[in-house]
Visitor: 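Here it is, the structure, as structure tokens.
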Amino acid sequence: MADAGICHGIQSRRGACAPPRTPRETLNTTGHKPLPGLPTRKAARDLLDATLEQRKPLEDALDHLPKRLDPRDRAAAHRIAATVLRRLGSIDEILSPFLRKEPPPPARHALRIGAAELLLLDTPAHAAVATAVALAPKAFAGLVNAVLRKVAAEGPAALEGLDAPRLDTPAWLWSAWHAAYGPAVRAIAEAHRGPAPLDLTPAPGASVPEGAENLPTGSWRMAAGTRVTDLPGFAEGRFWVQDAAAALPALLLKPQPGERIADLCAAPGGKTAQLAAAGAAVTAVERDAGRVARLAENLARLRLPVEVVRADVAEWTPPEPFDAILLDAPCTATGTIRRHPDVAHTKRARDVQAAAEAQARLLAAAVRMLKPGGRIVFATCSLQPEEGEAHIPRAASLGLVHEPFAAAELPGLPEAITPGGWLRTRPDLWADRGGMDGFFAARFRRGE
Ligand SMILES: C[S@@+](CC[C@H](N)C(=O)[O-])C[C@H]1O[C@@H](n2cnc3c(N)ncnc32)[C@H](O)[C@@H]1O
């Protein structure tokens, strides 16, 4: 199983990444040759520590790896850590018969890395065991060595017999998705087992790059691991990275040339770019300073004129109301686990309610920025109904009238429009094409 590496382009939580590589050999400060590949495994352990112990996003943890780490080592560490995060339940299940008591996190992570390399990443057994032993705290080196030798011998057969989709999905997510989607929970979990393809949104008039599939909804799809920065036309701004499902909310807002449209919660700017490319006069509002910089950088590459405002949407008042608004609200992001396997482990059930409450506040603030009769699309990249469908009945109290989507509005993907007229994508849709992120979107009009 391969995973994506360092992300480039416009997308962050849903980005495109560099291909994995074989760990390289480097000299340490004393001039001695360290164990080949050890810096990569140390970085992978740091990523696991940040995500699993400190509950930090993997993307932030990658940003905090030592600057001196070779980019290829960084990509390889990302690949190892992402594999452990995707298959954590299965890996721990394989390890459990060989552990009489719980080892401390650094030893547990060395075991997980070693097991992932032995069973899922095709690393030669001697290299996987030797580096995991070197990675473990000294007092646990013997244990790691003994356990991984058993995993090398017995693990492949044991792996075959596991119910991996269930084991690799945290119990609270399995229950919530089962309640919301019934038996499809298994297909959703299956879709999380592999890396996602690279999806691009083209600028108007751009021609499809070689090797890309032209999806019916207008996105281009390329193989997982494709480096977006290597594609011809990247520097010239002919496309941006955006999951096929993430491109749908802006499409369904139907931006018209010259309309004044606000993109609220805008960074890194995939939807802003869609609205601006359609000819709308766009104001992009984003609270986080670092992400405002990313947004501005992306829009500069795409040569799209957009007014960028750094502000909290809950407090900001525009000089005049907008014709239309896109609110892509912050959420638990459980729809993006294919691209961000850390989300399955960094989020908790209680985060869902907190996110839903924040979304309701942002929706109320957004309505106040809209002209009477103006339209708004509310979207989240969460699979949790509390962050999607549950907002619809409350919208009437904000003076919003639901304007259902019609299946005909999404050529090639009518199944994503529900009978109630909102958008619900899931990772198992278009399974034979590589799936898509889980998104919810609904369209409303502000009463006159
Ligand atoms: C789901 S992401 C947006 C993705 C973006 N719409 C795109 O398509 O590229 C949510 C963004 O909302 C920002 N955000 C969260 N709360 C905010 C608030 N109260 N005001 C403005 N921005 C906020 C976050 O910093 C984050 O960049």
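For ligands, and for the atoms within them, numbers begin at 1 and follow the listed sequence. Heads up: numbering here begins at 1 and tracks the sequence.
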Visitor: Can you list the atoms of ligand 1 that are under 4.0 Å from a heavy atom of P268?
Guide: 9 (O)
Visitor: Taking only heavy atoms of L362, which atoms of ligand 1 are found under 4.0 Å from at least one of them?
Guide: 19 (N)
Visitor: So which bit of C381 gets within less than 4.0 Å of ligand 1, heavy atoms only: side chain, backbone, both or neither?
Guide: neither
Visitor: Could you walk me through whether L370 and F444 pass the side-chain contact (heavy atoms from CB on, under 4.5 Å) test, one step at a time?
Guide: CA-CA 11 Å; L370 195 58; F444 304 95; over 6 Å; no
Visitor: Within ligand 1, which atoms have a heavy atom of A311 less than 4.0 Å away?
Guide: 20 (N), 21 (C)
Visitor: Nearest heavy atom to atom 24 (C) of ligand 1: which of Q359, E286, R361, E315 does it belong to?
Guide: E286
Visitor: Would you check whether K271 has a nitrogen or oxygen atom less than 3.5 angstrom from a nitrogen or oxygen atom of ligand 1?
Guide: yes
Visitor: Any idea which atoms of ligand 1 are less than 4.0 Å away from a heavy-atom of V313?
Guide: 18 (C), 19 (N), 20 (N), 21 (C)
Visitor: Is a side-chain N or O of T425 found less than 3.5 angstrom from the main chain of D437, in a donor-acceptor match?
Guide: yes
Visitor: Could you tell me which atoms of ligand 1, counted from 1 in the order shown, lie closer than 4.0 angstrom to a heavy atom of P330?
Guide: 15 (C), 16 (N)
Visitor: Would one find an N or O of G270, backbone or side chain, under 3.5 Å from an N or O of ligand 1?
Guide: yes
Visitor: Taking side chain as C-beta onward, heavy atoms only, is W220 less than 4.5 Å from L231?
Guide: no
Visitor: Give me the ring orientation class for H391 and F378: parallel if the planes are under 30° apart, tilted from 30 to 60°, perpendicular past 60°.
Guide: perpendicular
Visitor: Does R426 reach the main-chain N or O of G435 with its side chain, forming a donor-acceptor pair under 3.5 Å?
Guide: no
Visitor: N/O to N/O below 3.5 Å, does that happen between C265 and ligand 1?
Guide: yes
Visitor: Between E403 and R375 (side chain of the first, backbone of the second, donor and acceptor by atom type, cut-off under 3.5 Å), is there such a pair?
Guide: no
Visitor: Counting C-beta onward and ignoring hydrogens, is there a side-chain heavy-atom pair between L52 and L85 closer than 4.5 Å?
Guide: yes
Visitor: For ligand 1, which atoms sit closer than 4.0 Å to a heavy atom of G269?
Guide: 7 (C), 9 (O)
Visitor: Going from OG on S219 to CG on L251, what distance comes out if it is rounded to the nearest 0.5 angstrom?
Guide: 8.5 Å
Visitor: Show which atoms of ligand 1 fall inside a sub-4.0 Å distance from at least one heavy-atom site of R291.
Guide: 25 (O), 26 (C), 27 (O)
Visitor: Donor-acceptor check, side chain of R260 to backbone of P321, threshold 3.5 angstrom: yes or no?
Guide: yes
Visitor: Return yes or no for this condition: an N or O of A267 is under 3.5 Å from an N or O of ligand 1.
Guide: yes
